Amino acid sequence: MNIRTVSTTPFSDQKPGTSGLRKKVPVFKQPHYLENFVQSIFDSIAAPKGATLALGGDGRYFNREAIQIILKMAAANGFGKVLVGQGGILSTPSASCVIRKYKTFGGIILSASHNPGGADGDFGIKFNSSNGGPATETVTEAIFARSKLISSYRILDAADVALDQLGETMLGEMKVRVFDPVSDYAELMESLFDFAAIRAMLQGGFRIKFDAMHAVNGPYAKEIFEKRLGTTSNSVMNTIPLEDFGGGHPDPNLTYAHELVDILYGDNAPDFGAASDGDGDRNMILGKHFFVTPSDSLAVLAANATLIKGYTQGLAGIARSMPTSAAADRVAQALNIPCFETPTGWKFFGNLMDAGKVTLCGEESFGTSSDHVREKDGLWAVLFWLNVLAVRKQSVETIVREHWAKFGRNFYSRFDYEGLPTEVANGVMNHLRDSFAALTGKQFGKYAVKTCDDFCYTDPVDGSVSKNQGIRILFSDGSRIVFRLSGTGTEGATLRVYLEAYEADVARHPLDAQVALKELIDIALDISELRSRTGREQPTVIT
Ligand code: G16
(Lines give C-alpha, C1' and ligand atoms only; values in the text may rest on other atoms or scores of the structure.)
Protein backbone atom coordinates (compact mmCIF):
# COMPACT_ATOMS: atom_id res chain seq x y z
CA MET A 1 0.00 0.00 0.00
CA ASN A 2 1.16 3.44 -0.87
CA ILE A 3 1.75 6.30 1.57
CA ARG A 4 1.18 9.63 -0.14
CA THR A 5 2.70 12.91 0.98
CA VAL A 6 0.25 15.62 -0.04
CA SER A 7 1.31 19.26 -0.37
CA THR A 8 -0.91 21.72 1.44
CA THR A 9 -1.01 25.30 2.66
CA PRO A 10 -1.98 26.41 6.18
CA PHE A 11 -5.44 27.58 7.24
CA SER A 12 -5.28 30.51 9.62
CA ASP A 13 -8.33 29.56 11.72
CA GLN A 14 -7.36 26.25 13.32
CA LYS A 15 -7.01 27.52 16.89
CA PRO A 16 -8.70 25.07 19.27
CA GLY A 17 -11.32 26.66 21.53
CA THR A 18 -12.62 25.64 24.97
CA SER A 19 -12.77 22.04 23.78
CA GLY A 20 -11.00 21.34 20.49
CA LEU A 21 -11.53 22.76 17.02
CA ARG A 22 -15.21 23.38 16.21
CA LYS A 23 -16.39 24.68 12.85
CA LYS A 24 -19.29 24.33 10.46
CA VAL A 25 -19.31 21.11 8.43
CA PRO A 26 -18.65 22.95 5.12
CA VAL A 27 -15.49 24.41 6.65
CA PHE A 28 -14.26 20.94 7.65
CA LYS A 29 -15.17 19.61 4.20
CA GLN A 30 -12.85 22.00 2.39
CA PRO A 31 -10.02 20.12 0.71
CA HIS A 32 -7.15 19.49 3.17
CA TYR A 33 -8.88 21.23 6.12
CA LEU A 34 -9.37 18.18 8.34
CA GLU A 35 -6.14 16.60 7.10
CA ASN A 36 -4.10 19.71 8.00
CA PHE A 37 -5.43 19.69 11.54
CA VAL A 38 -4.92 15.96 12.03
CA GLN A 39 -1.36 16.18 10.74
CA SER A 40 -0.78 19.12 13.08
CA ILE A 41 -1.95 16.93 15.97
CA PHE A 42 0.32 14.06 14.93
CA ASP A 43 3.30 16.40 14.44
CA SER A 44 2.77 18.00 17.85
CA ILE A 45 2.20 14.96 20.05
CA ALA A 46 5.22 13.03 18.78
CA ALA A 47 3.77 9.58 19.42
CA PRO A 48 6.38 6.80 19.38
CA LYS A 49 6.28 4.49 16.35
CA GLY A 50 3.71 1.73 16.84
CA ALA A 51 1.64 3.69 19.40
CA THR A 52 -2.04 2.97 19.94
CA LEU A 53 -4.78 5.55 19.44
CA ALA A 54 -8.48 5.49 20.38
CA LEU A 55 -10.89 6.98 17.85
CA GLY A 56 -14.60 7.70 17.68
CA GLY A 57 -17.20 10.40 17.73
CA ASP A 58 -20.75 11.35 18.54
CA GLY A 59 -22.11 10.09 15.21
CA ARG A 60 -22.92 13.50 13.79
CA TYR A 61 -22.83 14.28 10.07
CA PHE A 62 -19.27 13.79 8.63
CA ASN A 63 -18.27 11.47 11.52
CA ARG A 64 -17.77 8.43 9.32
CA GLU A 65 -15.89 10.22 6.53
CA ALA A 66 -13.62 11.89 9.08
CA ILE A 67 -12.87 8.57 10.75
CA GLN A 68 -11.80 6.99 7.45
CA ILE A 69 -9.46 9.91 6.76
CA ILE A 70 -7.97 9.82 10.28
CA LEU A 71 -7.45 6.04 10.13
CA LYS A 72 -5.54 6.34 6.86
CA MET A 73 -3.49 9.23 8.20
CA ALA A 74 -2.73 7.35 11.43
CA ALA A 75 -1.50 4.40 9.36
CA ALA A 76 0.71 6.72 7.30
CA ASN A 77 2.08 8.39 10.43
CA GLY A 78 3.40 5.23 12.06
CA PHE A 79 0.68 4.32 14.56
CA GLY A 80 0.59 0.60 15.32
CA LYS A 81 -3.03 0.24 16.30
CA VAL A 82 -6.27 2.21 16.42
CA LEU A 83 -9.20 1.23 18.63
CA VAL A 84 -12.31 2.55 16.92
CA GLY A 85 -15.86 2.41 18.29
CA GLN A 86 -18.28 0.34 16.21
CA GLY A 87 -19.99 2.52 13.62
CA GLY A 88 -17.48 5.23 14.53
CA ILE A 89 -19.41 5.83 17.75
CA LEU A 90 -17.77 6.70 21.09
CA SER A 91 -19.22 9.02 23.66
CA THR A 92 -16.66 11.45 25.05
CA PRO A 93 -16.59 9.87 28.54
CA SER A 94 -16.36 6.37 27.08
CA ALA A 95 -13.45 7.49 24.89
CA SER A 96 -11.74 8.67 28.05
CA CYS A 97 -12.54 5.34 29.71
CA VAL A 98 -11.07 3.36 26.80
CA ILE A 99 -7.89 5.47 26.61
CA ARG A 100 -7.30 4.82 30.30
CA LYS A 101 -8.31 1.17 30.37
CA TYR A 102 -6.21 0.14 27.36
CA LYS A 103 -3.42 2.62 28.15
CA THR A 104 -3.39 4.09 24.65
CA PHE A 105 -1.09 6.96 23.74
CA GLY A 106 -4.20 9.12 23.43
CA GLY A 107 -7.34 9.46 21.40
CA ILE A 108 -9.09 11.58 18.82
CA ILE A 109 -12.70 12.49 19.57
CA LEU A 110 -14.96 13.83 16.85
CA SER A 111 -17.70 15.99 18.27
CA ALA A 112 -19.07 19.48 18.48
CA SER A 113 -20.77 18.45 21.70
CA HIS A 114 -24.09 20.20 22.26
CA ASN A 115 -23.94 22.19 19.00
CA PRO A 116 -26.45 21.23 16.28
CA GLY A 117 -25.32 18.78 13.58
CA GLY A 118 -26.23 18.02 9.96
CA ALA A 119 -24.79 19.05 6.60
CA ASP A 120 -24.78 22.73 7.60
CA GLY A 121 -24.37 22.10 11.31
CA ASP A 122 -21.23 21.92 13.41
CA PHE A 123 -18.38 19.44 13.52
CA GLY A 124 -15.42 19.21 15.84
CA ILE A 125 -12.23 17.36 16.62
CA LYS A 126 -10.02 17.20 19.67
CA PHE A 127 -7.06 15.24 20.95
CA ASN A 128 -7.11 13.60 24.38
CA SER A 129 -3.88 12.60 26.07
CA SER A 130 -2.91 9.30 27.66
CA ASN A 131 -4.60 10.27 30.94
CA GLY A 132 -7.89 10.24 28.99
CA GLY A 133 -8.39 13.98 29.32
CA PRO A 134 -8.51 16.81 26.80
CA ALA A 135 -5.05 17.97 25.79
CA THR A 136 -3.72 20.76 27.98
CA GLU A 137 -3.37 24.31 26.66
CA THR A 138 0.33 23.75 26.09
CA VAL A 139 -0.50 20.93 23.66
CA THR A 140 -3.41 22.72 21.93
CA GLU A 141 -1.20 25.76 21.44
CA ALA A 142 1.50 23.59 19.91
CA ILE A 143 -1.10 22.09 17.53
CA PHE A 144 -2.26 25.57 16.53
CA ALA A 145 1.32 26.75 16.00
CA ARG A 146 2.00 23.72 13.81
CA SER A 147 -1.21 24.31 11.79
CA LYS A 148 0.11 27.73 10.80
CA LEU A 149 3.29 26.26 9.29
CA ILE A 150 2.13 22.98 7.81
CA SER A 151 3.15 22.29 4.21
CA SER A 152 2.24 18.62 3.74
CA TYR A 153 0.43 15.67 5.31
CA ARG A 154 0.76 11.92 5.00
CA ILE A 155 -2.07 9.56 4.12
CA LEU A 156 -2.32 5.93 3.10
CA ASP A 157 -3.97 4.99 -0.20
CA ALA A 158 -6.33 2.24 0.92
CA ALA A 159 -9.94 1.11 0.85
CA ASP A 160 -12.24 2.25 3.65
CA VAL A 161 -12.38 0.17 6.85
CA ALA A 162 -15.69 -1.60 7.61
CA LEU A 163 -16.70 0.36 10.71
CA ASP A 164 -19.86 -1.59 11.52
CA GLN A 165 -18.21 -4.96 11.90
CA LEU A 166 -16.58 -5.86 15.21
CA GLY A 167 -13.09 -7.32 14.92
CA GLU A 168 -9.60 -6.58 13.67
CA THR A 169 -8.34 -5.66 10.20
CA MET A 170 -5.06 -4.34 8.87
CA LEU A 171 -4.65 -0.95 7.28
CA GLY A 172 -1.19 -1.05 5.76
CA GLU A 173 0.98 -2.02 8.72
CA MET A 174 -1.50 -0.68 11.28
CA LYS A 175 -4.06 -2.80 13.11
CA VAL A 176 -7.61 -1.44 13.37
CA ARG A 177 -9.79 -2.95 16.09
CA VAL A 178 -13.49 -2.12 15.82
CA PHE A 179 -14.91 -2.63 19.32
CA ASP A 180 -18.25 -2.38 21.12
CA PRO A 181 -18.30 1.23 22.38
CA VAL A 182 -20.70 0.51 25.24
CA SER A 183 -19.44 -2.49 27.21
CA ASP A 184 -16.23 -1.13 28.79
CA TYR A 185 -18.08 1.99 29.88
CA ALA A 186 -21.09 0.11 31.27
CA GLU A 187 -18.70 -2.12 33.23
CA LEU A 188 -16.98 0.92 34.72
CA MET A 189 -20.36 2.36 35.79
CA GLU A 190 -21.29 -0.93 37.42
CA SER A 191 -18.05 -0.86 39.41
CA LEU A 192 -18.86 2.58 40.85
CA PHE A 193 -22.58 2.37 41.60
CA ASP A 194 -24.90 -0.04 43.39
CA PHE A 195 -26.92 -1.29 40.42
CA ALA A 196 -28.87 -3.71 42.64
CA ALA A 197 -30.12 -0.86 44.85
CA ILE A 198 -31.10 1.24 41.81
CA ARG A 199 -32.82 -1.76 40.22
CA ALA A 200 -34.78 -2.39 43.42
CA MET A 201 -35.89 1.27 43.53
CA LEU A 202 -37.05 1.14 39.92
CA GLN A 203 -38.91 -2.12 40.50
CA GLY A 204 -40.56 -0.51 43.51
CA GLY A 205 -42.36 1.94 41.21
CA PHE A 206 -39.89 4.83 41.06
CA ARG A 207 -40.33 6.21 37.55
CA ILE A 208 -37.58 7.79 35.47
CA LYS A 209 -37.32 9.39 32.05
CA PHE A 210 -33.98 9.74 30.29
CA ASP A 211 -33.67 11.77 27.09
CA ALA A 212 -30.70 10.86 24.88
CA MET A 213 -31.69 13.69 22.51
CA HIS A 214 -31.07 11.53 19.38
CA ALA A 215 -27.40 11.65 20.29
CA VAL A 216 -24.55 9.34 21.21
CA ASN A 217 -25.80 8.21 24.63
CA GLY A 218 -28.80 6.37 23.16
CA PRO A 219 -27.07 2.97 22.91
CA TYR A 220 -25.39 3.50 26.29
CA ALA A 221 -28.72 4.37 27.94
CA LYS A 222 -30.44 1.34 26.45
CA GLU A 223 -27.71 -0.99 27.69
CA ILE A 224 -27.47 0.54 31.17
CA PHE A 225 -31.07 1.53 31.95
CA GLU A 226 -32.98 -1.13 30.06
CA LYS A 227 -30.65 -4.16 30.11
CA ARG A 228 -28.65 -3.73 33.30
CA LEU A 229 -31.16 -1.82 35.46
CA GLY A 230 -34.35 -3.28 34.03
CA THR A 231 -36.29 -0.07 33.32
CA THR A 232 -39.21 -0.23 30.93
CA SER A 233 -38.46 0.86 27.38
CA ASN A 234 -40.57 4.00 27.73
CA SER A 235 -38.14 5.21 30.42
CA VAL A 236 -35.64 6.21 27.77
CA MET A 237 -36.44 8.41 24.80
CA ASN A 238 -34.77 9.56 21.57
CA THR A 239 -32.23 6.74 21.81
CA ILE A 240 -31.27 6.32 18.16
CA PRO A 241 -28.24 8.51 17.34
CA LEU A 242 -29.02 10.59 14.25
CA GLU A 243 -26.53 12.52 12.12
CA ASP A 244 -28.51 15.72 12.64
CA PHE A 245 -29.92 14.89 16.11
CA GLY A 246 -33.37 14.90 14.55
CA GLY A 247 -32.95 18.56 13.63
CA GLY A 248 -32.66 19.43 17.33
CA HIS A 249 -30.09 21.18 19.45
CA PRO A 250 -28.61 18.37 21.58
CA ASP A 251 -28.00 20.55 24.61
CA PRO A 252 -29.56 19.34 27.87
CA ASN A 253 -30.91 22.57 29.30
CA LEU A 254 -34.36 23.97 30.03
CA THR A 255 -34.63 25.52 26.57
CA TYR A 256 -33.37 22.82 24.25
CA ALA A 257 -34.51 19.73 26.19
CA HIS A 258 -38.07 21.07 26.38
CA GLU A 259 -39.60 17.72 25.39
CA LEU A 260 -38.25 16.20 28.60
CA VAL A 261 -38.93 19.33 30.64
CA ASP A 262 -42.60 19.28 29.57
CA ILE A 263 -42.89 15.68 30.76
CA LEU A 264 -41.28 16.38 34.14
CA TYR A 265 -43.40 19.47 34.69
CA GLY A 266 -46.60 17.87 33.34
CA ASP A 267 -49.37 15.84 34.96
CA ASN A 268 -48.44 12.41 36.20
CA ALA A 269 -44.75 13.32 35.90
CA PRO A 270 -42.06 10.71 36.58
CA ASP A 271 -40.00 10.98 39.79
CA PHE A 272 -36.75 11.71 38.01
CA GLY A 273 -35.73 13.08 34.63
CA ALA A 274 -32.36 13.50 32.97
CA ALA A 275 -30.84 14.28 29.61
CA SER A 276 -27.39 14.28 28.07
CA ASP A 277 -25.90 16.08 25.09
CA GLY A 278 -24.52 15.33 21.63
CA ASP A 279 -21.39 13.53 22.84
CA GLY A 280 -22.76 12.31 26.16
CA ASP A 281 -20.65 14.33 28.55
CA ARG A 282 -23.20 16.89 29.76
CA ASN A 283 -26.18 16.17 31.97
CA MET A 284 -29.33 17.87 33.19
CA ILE A 285 -31.08 16.60 36.32
CA LEU A 286 -34.78 17.13 37.01
CA GLY A 287 -37.09 16.01 39.78
CA LYS A 288 -40.86 16.03 39.57
CA HIS A 289 -41.61 19.70 38.74
CA PHE A 290 -38.09 20.59 39.87
CA PHE A 291 -34.86 21.65 38.15
CA VAL A 292 -31.45 21.09 39.74
CA THR A 293 -28.88 23.67 38.63
CA PRO A 294 -25.59 22.07 37.60
CA SER A 295 -23.80 24.02 40.36
CA ASP A 296 -26.18 22.64 42.99
CA SER A 297 -25.92 19.18 41.48
CA LEU A 298 -22.13 19.16 42.01
CA ALA A 299 -22.58 20.31 45.61
CA VAL A 300 -25.27 17.71 46.37
CA LEU A 301 -23.25 14.87 44.85
CA ALA A 302 -20.18 15.94 46.83
CA ALA A 303 -22.16 16.08 50.06
CA ASN A 304 -23.57 12.59 49.46
CA ALA A 305 -20.52 10.94 47.94
CA THR A 306 -19.75 8.60 50.81
CA LEU A 307 -23.14 6.92 50.30
CA ILE A 308 -21.87 5.65 46.95
CA LYS A 309 -19.89 2.44 46.48
CA GLY A 310 -17.13 4.04 44.39
CA TYR A 311 -16.63 6.95 46.80
CA THR A 312 -17.10 5.51 50.30
CA GLN A 313 -13.52 6.47 51.15
CA GLY A 314 -14.42 10.17 50.75
CA LEU A 315 -13.20 12.87 48.42
CA ALA A 316 -9.65 14.17 48.07
CA GLY A 317 -10.99 17.54 46.98
CA ILE A 318 -13.45 19.25 44.67
CA ALA A 319 -12.83 21.49 41.67
CA ARG A 320 -15.20 23.79 39.85
CA SER A 321 -14.82 26.22 37.00
CA MET A 322 -14.73 29.90 37.97
CA PRO A 323 -18.24 30.78 36.71
CA THR A 324 -19.75 27.78 38.55
CA SER A 325 -21.45 28.79 41.81
CA ALA A 326 -19.66 28.44 45.11
CA ALA A 327 -22.21 25.91 46.42
CA ALA A 328 -19.56 23.17 46.19
CA ASP A 329 -17.06 25.34 48.12
CA ARG A 330 -19.40 25.26 51.12
CA VAL A 331 -19.52 21.47 51.02
CA ALA A 332 -15.74 21.29 50.70
CA GLN A 333 -15.38 23.57 53.68
CA ALA A 334 -17.72 21.38 55.75
CA LEU A 335 -15.83 18.25 54.70
CA ASN A 336 -12.53 19.99 55.37
CA ILE A 337 -11.19 19.24 51.90
CA PRO A 338 -9.73 21.65 49.34
CA CYS A 339 -11.83 23.27 46.62
CA PHE A 340 -10.12 24.54 43.46
CA GLU A 341 -11.42 27.27 41.14
CA THR A 342 -10.24 26.76 37.55
CA PRO A 343 -10.97 28.47 34.22
CA THR A 344 -13.85 27.15 32.11
CA GLY A 345 -12.88 23.98 30.26
CA TRP A 346 -12.56 20.41 31.44
CA LYS A 347 -8.88 20.36 30.42
CA PHE A 348 -8.06 22.40 33.53
CA PHE A 349 -9.21 19.59 35.87
CA GLY A 350 -6.85 16.96 34.44
CA ASN A 351 -3.70 17.95 36.30
CA LEU A 352 -5.59 18.23 39.61
CA MET A 353 -7.07 14.75 39.21
CA ASP A 354 -3.80 13.21 38.01
CA ALA A 355 -2.08 14.67 41.07
CA GLY A 356 -4.74 13.15 43.35
CA LYS A 357 -5.83 16.58 44.56
CA VAL A 358 -9.50 16.29 43.56
CA THR A 359 -12.07 13.53 43.14
CA LEU A 360 -15.17 15.39 41.93
CA CYS A 361 -15.30 18.22 39.39
CA GLY A 362 -18.12 20.24 37.94
CA GLU A 363 -19.10 23.15 35.79
CA GLU A 364 -22.17 25.31 35.52
CA SER A 365 -22.37 24.30 31.84
CA PHE A 366 -24.09 21.03 32.78
CA GLY A 367 -20.88 19.06 33.34
CA THR A 368 -20.10 16.88 36.33
CA SER A 369 -17.71 13.99 36.75
CA SER A 370 -15.04 12.38 38.87
CA ASP A 371 -11.58 10.92 38.55
CA HIS A 372 -12.97 7.63 37.14
CA VAL A 373 -12.29 9.24 33.73
CA ARG A 374 -10.81 12.59 32.66
CA GLU A 375 -13.91 14.00 30.95
CA LYS A 376 -17.24 15.13 32.21
CA ASP A 377 -19.68 12.28 32.17
CA GLY A 378 -23.43 12.62 31.61
CA LEU A 379 -24.58 9.09 32.44
CA TRP A 380 -22.24 8.90 35.42
CA ALA A 381 -24.00 11.95 36.91
CA VAL A 382 -27.42 10.41 36.26
CA LEU A 383 -26.40 7.12 37.89
CA PHE A 384 -24.86 8.96 40.84
CA TRP A 385 -28.17 10.76 41.40
CA LEU A 386 -30.16 7.53 41.05
CA ASN A 387 -27.87 5.83 43.55
CA VAL A 388 -28.27 8.70 46.05
CA LEU A 389 -32.06 8.54 45.57
CA ALA A 390 -32.04 4.77 46.09
CA VAL A 391 -30.14 5.15 49.37
CA ARG A 392 -31.91 8.21 50.77
CA LYS A 393 -35.40 7.25 49.60
CA GLN A 394 -36.43 10.90 49.28
CA SER A 395 -37.48 12.97 46.29
CA VAL A 396 -35.00 15.03 44.27
CA GLU A 397 -36.64 18.20 45.53
CA THR A 398 -36.45 17.16 49.20
CA ILE A 399 -32.78 16.26 48.86
CA VAL A 400 -31.96 19.64 47.30
CA ARG A 401 -34.06 21.63 49.79
CA GLU A 402 -32.44 19.81 52.73
CA HIS A 403 -29.08 20.60 51.17
CA TRP A 404 -29.94 24.31 50.99
CA ALA A 405 -31.21 24.27 54.56
CA LYS A 406 -27.88 22.88 55.72
CA PHE A 407 -25.44 24.83 53.52
CA GLY A 408 -27.46 27.86 52.37
CA ARG A 409 -28.60 28.44 48.81
CA ASN A 410 -26.46 29.92 46.06
CA PHE A 411 -29.04 31.47 43.75
CA TYR A 412 -27.65 31.14 40.27
CA SER A 413 -28.51 31.94 36.69
CA ARG A 414 -26.76 32.28 33.35
CA PHE A 415 -27.82 34.53 30.48
CA ASP A 416 -26.48 33.66 27.01
CA TYR A 417 -26.47 36.14 24.15
CA GLU A 418 -25.74 33.97 21.12
CA GLY A 419 -24.65 34.95 17.61
CA LEU A 420 -23.44 38.47 18.42
CA PRO A 421 -21.09 40.23 16.00
CA THR A 422 -17.62 39.57 17.42
CA GLU A 423 -16.70 43.25 17.61
CA VAL A 424 -19.89 44.03 19.55
CA ALA A 425 -19.19 41.28 22.09
CA ASN A 426 -15.56 42.40 22.40
CA GLY A 427 -16.84 45.95 22.85
CA VAL A 428 -18.88 44.93 25.90
CA MET A 429 -15.89 43.13 27.42
CA ASN A 430 -13.51 46.04 26.76
CA HIS A 431 -15.99 48.50 28.18
CA LEU A 432 -16.18 46.43 31.37
CA ARG A 433 -12.39 46.19 31.61
CA ASP A 434 -12.16 49.95 31.25
CA SER A 435 -14.70 50.34 34.07
CA PHE A 436 -12.81 48.34 36.74
CA ALA A 437 -11.46 51.39 38.53
CA ALA A 438 -14.76 53.30 38.45
CA LEU A 439 -16.73 50.28 39.66
CA THR A 440 -14.53 49.31 42.58
CA GLY A 441 -16.09 50.43 45.85
CA LYS A 442 -19.29 51.58 44.14
CA GLN A 443 -22.63 50.88 45.85
CA PHE A 444 -25.61 49.56 43.84
CA GLY A 445 -28.64 49.27 46.16
CA LYS A 446 -27.66 46.66 48.75
CA TYR A 447 -24.65 45.53 46.69
CA ALA A 448 -21.19 47.09 47.09
CA VAL A 449 -18.50 46.22 44.54
CA LYS A 450 -15.51 44.83 46.42
CA THR A 451 -13.23 44.20 43.48
CA CYS A 452 -13.21 43.56 39.72
CA ASP A 453 -10.71 41.52 37.72
CA ASP A 454 -10.04 39.42 34.67
CA PHE A 455 -9.71 35.89 36.07
CA CYS A 456 -6.20 34.50 35.85
CA TYR A 457 -5.33 30.92 36.85
CA THR A 458 -2.03 29.44 37.84
CA ASP A 459 -2.15 25.66 37.65
CA PRO A 460 -0.99 24.44 41.08
CA VAL A 461 0.54 21.32 39.54
CA ASP A 462 2.56 22.53 36.55
CA GLY A 463 2.61 26.26 37.23
CA SER A 464 1.19 27.18 33.82
CA VAL A 465 -0.67 30.48 33.73
CA SER A 466 -3.98 31.09 31.88
CA LYS A 467 -4.96 34.75 31.61
CA ASN A 468 -8.17 36.55 30.58
CA GLN A 469 -10.53 33.78 31.64
CA GLY A 470 -13.57 35.95 32.34
CA ILE A 471 -14.41 39.27 33.97
CA ARG A 472 -15.48 39.06 37.61
CA ILE A 473 -17.40 41.74 39.45
CA LEU A 474 -17.18 40.61 43.08
CA PHE A 475 -19.45 42.15 45.71
CA SER A 476 -18.72 42.46 49.40
CA ASP A 477 -21.44 39.95 50.42
CA GLY A 478 -19.94 37.24 48.18
CA SER A 479 -22.37 37.77 45.29
CA ARG A 480 -20.83 37.84 41.83
CA ILE A 481 -21.45 38.82 38.25
CA VAL A 482 -19.19 37.19 35.67
CA PHE A 483 -18.93 38.11 31.98
CA ARG A 484 -17.26 35.70 29.60
CA LEU A 485 -17.08 34.98 25.89
CA SER A 486 -17.85 31.39 24.99
CA GLY A 487 -15.08 29.34 23.41
CA THR A 488 -17.33 26.73 21.80
CA GLY A 489 -19.56 28.63 19.38
CA THR A 490 -19.05 28.59 15.61
CA GLU A 491 -21.06 31.65 14.60
CA GLY A 492 -20.10 35.14 15.72
CA ALA A 493 -19.64 35.44 19.47
CA THR A 494 -21.65 34.20 22.43
CA LEU A 495 -21.55 36.39 25.49
CA ARG A 496 -22.37 34.70 28.78
CA VAL A 497 -23.40 36.54 31.92
CA TYR A 498 -23.29 34.50 35.13
CA LEU A 499 -25.11 35.72 38.22
CA GLU A 500 -24.80 34.40 41.74
CA ALA A 501 -26.09 35.47 45.16
CA TYR A 502 -25.78 33.56 48.41
CA GLU A 503 -28.81 33.25 50.70
CA ALA A 504 -28.55 31.72 54.16
CA ASP A 505 -32.15 32.47 55.15
CA VAL A 506 -34.22 29.29 54.64
CA ALA A 507 -37.41 31.35 54.39
CA ARG A 508 -36.11 32.86 51.17
CA HIS A 509 -34.95 29.57 49.60
CA PRO A 510 -38.22 28.84 47.76
CA LEU A 511 -37.87 32.08 45.77
CA ASP A 512 -37.51 31.74 42.02
CA ALA A 513 -33.88 32.38 41.05
CA GLN A 514 -34.87 35.08 38.55
CA VAL A 515 -36.74 36.91 41.32
CA ALA A 516 -33.96 36.51 43.88
CA LEU A 517 -31.37 37.70 41.35
CA LYS A 518 -33.42 40.57 39.88
CA GLU A 519 -31.31 43.32 41.41
CA LEU A 520 -28.03 41.72 40.29
CA ILE A 521 -29.42 41.18 36.78
CA ASP A 522 -30.26 44.87 36.55
CA ILE A 523 -26.79 45.81 37.76
CA ALA A 524 -25.22 43.49 35.17
CA LEU A 525 -27.21 45.01 32.32
CA ASP A 526 -26.50 48.50 33.56
CA ILE A 527 -22.73 48.31 34.04
CA SER A 528 -22.14 46.36 30.82
CA GLU A 529 -24.37 48.63 28.67
CA LEU A 530 -25.36 45.29 27.18
CA ARG A 531 -28.73 46.28 25.78
CA SER A 532 -27.61 49.41 24.00
CA ARG A 533 -24.38 47.86 22.74
CA THR A 534 -25.95 44.64 21.41
CA GLY A 535 -29.47 45.80 20.60
CA ARG A 536 -30.74 42.70 22.44
CA GLU A 537 -33.55 43.17 24.93
CA GLN A 538 -33.51 39.51 26.00
CA PRO A 539 -30.87 36.77 26.16
CA THR A 540 -31.12 33.84 23.73
CA VAL A 541 -31.10 31.30 26.55
CA ILE A 542 -31.58 31.65 30.30
CA THR A 543 -30.60 28.80 32.59
C1 G16 B 1 -17.01 22.53 26.68
C2 G16 B 1 -15.98 22.25 27.72
C3 G16 B 1 -16.51 22.61 29.08
C4 G16 B 1 -17.02 24.03 29.09
C5 G16 B 1 -18.04 24.20 28.01
C6 G16 B 1 -18.58 25.61 27.87
O7 G16 B 1 -18.10 21.68 26.88
O8 G16 B 1 -15.61 20.90 27.70
O9 G16 B 1 -15.51 22.40 29.99
O10 G16 B 1 -17.59 24.35 30.31
O11 G16 B 1 -17.45 23.85 26.78
O12 G16 B 1 -17.67 26.39 27.24
P13 G16 B 1 -18.01 27.81 26.68
O14 G16 B 1 -18.66 28.56 27.82
O15 G16 B 1 -16.66 28.32 26.32
O16 G16 B 1 -18.96 27.67 25.53
P17 G16 B 1 -18.63 20.76 25.72
O18 G16 B 1 -19.73 19.97 26.34
O19 G16 B 1 -19.08 21.74 24.66
O20 G16 B 1 -17.45 19.96 25.29
Side-chain angles (χ1 to χ4, degrees), residues 15-23 57-58 60 91-93 95-96 109-117 121-128 132-137 140 213 215-217 245 249-253 256-257 275-284 294-295 297-298 319-325 341-350 352-353 361-369 373-379 381 414-420 425 429 455 457 466 468-471 482-498 539-541 543:
K15 185 174 172 57
T18 310
S19 185
L21 183 68
R22 292 185 188 168
K23 300 282 177 198
D58 62 13
R60 67 179 58 227
S91 76
T92 293
S96 186
I109 303 177
L110 304 173
S111 170
S113 185
H114 53 290
N115 295 4
D122 290 357
F123 190 76
I125 174 169
K126 69 172 177 175
F127 177 72
N128 278 31
T136 59
E137 270 198 337
T140 57
M213 300 190 85
V216 76
N217 261 348
F245 308 112
H249 198 139
D251 196 359
N253 61 36
Y256 295 126
S276 56
D277 70 333
D279 61 332
D281 58 359
R282 295 183 174 207
N283 74 92
M284 175 172 69
S295 296
S297 181
L298 171 65
R320 64 163 173 85
S321 66
M322 179 274 282
T324 304
S325 97
E341 184 177 39
T342 64
T344 294
W346 206 265
K347 59 190 169 205
F348 293 102
F349 295 139
L352 295 171
M353 287 190 273
C361 306
E363 295 187 280
E364 50 67 39
S365 55
F366 294 84
T368 340
S369 192
V373 286
R374 293 292 183 275
E375 284 280 3
K376 54 189 187 278
D377 189 344
L379 282 174
R414 185 177 103 183
F415 285 19
D416 295 338
Y417 297 81
E418 295 177 357
L420 294 174
M429 297 297 278
F455 183 60
Y457 177 68
S466 303
N468 301 327
Q469 297 296 324
I471 289 174
V482 173
F483 296 86
R484 205 188 133 257
L485 295 180
S486 158
T488 57
T490 57
E491 249 179 276
T494 294
L495 178 65
R496 306 200 195 283
V497 185
Y498 311 81
T540 325
V541 178
T543 36

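We count ligands from 1, going down the list as the structure has it; atoms in each ligand are counted the same way. This is a predicted model, so every value here is computed, not measured.
Sorted by chain and number, the residues within 4.0 Å of ligand 1 by heavy atom are Thr18, Ser19, Arg22, Ser113, His114, Asp277, Asp281, Arg282, Thr344, Gly345, Trp346, Glu363, Ser365, Lys376, Arg484, Ser486, Gly487, Thr488, Arg496.
Between the side chains of Asp416 and Thr494, not a single donor N or O lies within less than 3.5 Å of an accepting N or O. Under the 3.5 Å distance criterion, with hydrogens and angles disregarded, a donor-acceptor pair is assigned to the side chains of Asn283 and Thr368. Side chains of Ser96 and Arg374: no donor on one and acceptor on the other come within 3.5 Å.
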Start with the C-alpha distance between Lys126 and Glu375, add both sets of side-chain angles, then the distance that settles salt bridge (Lys or Arg N to Asp or Glu O under 4.0 Å), and finish with yes or no. CA-CA 12 Å; Lys126 69 172 177 175; Glu375 284 280 3; 2.8 Å; yes
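Legend: residues meeting ring pair (Phe, Tyr, Trp, His ring centres under 6.0 Å) with Tyr256, ordered by chain and number and at least two apart, are His249.
Ring geometry for Phe415 against Tyr417 counts as tilted: the plane angle lies between 30° and 60°, on a 0 to 90° scale.
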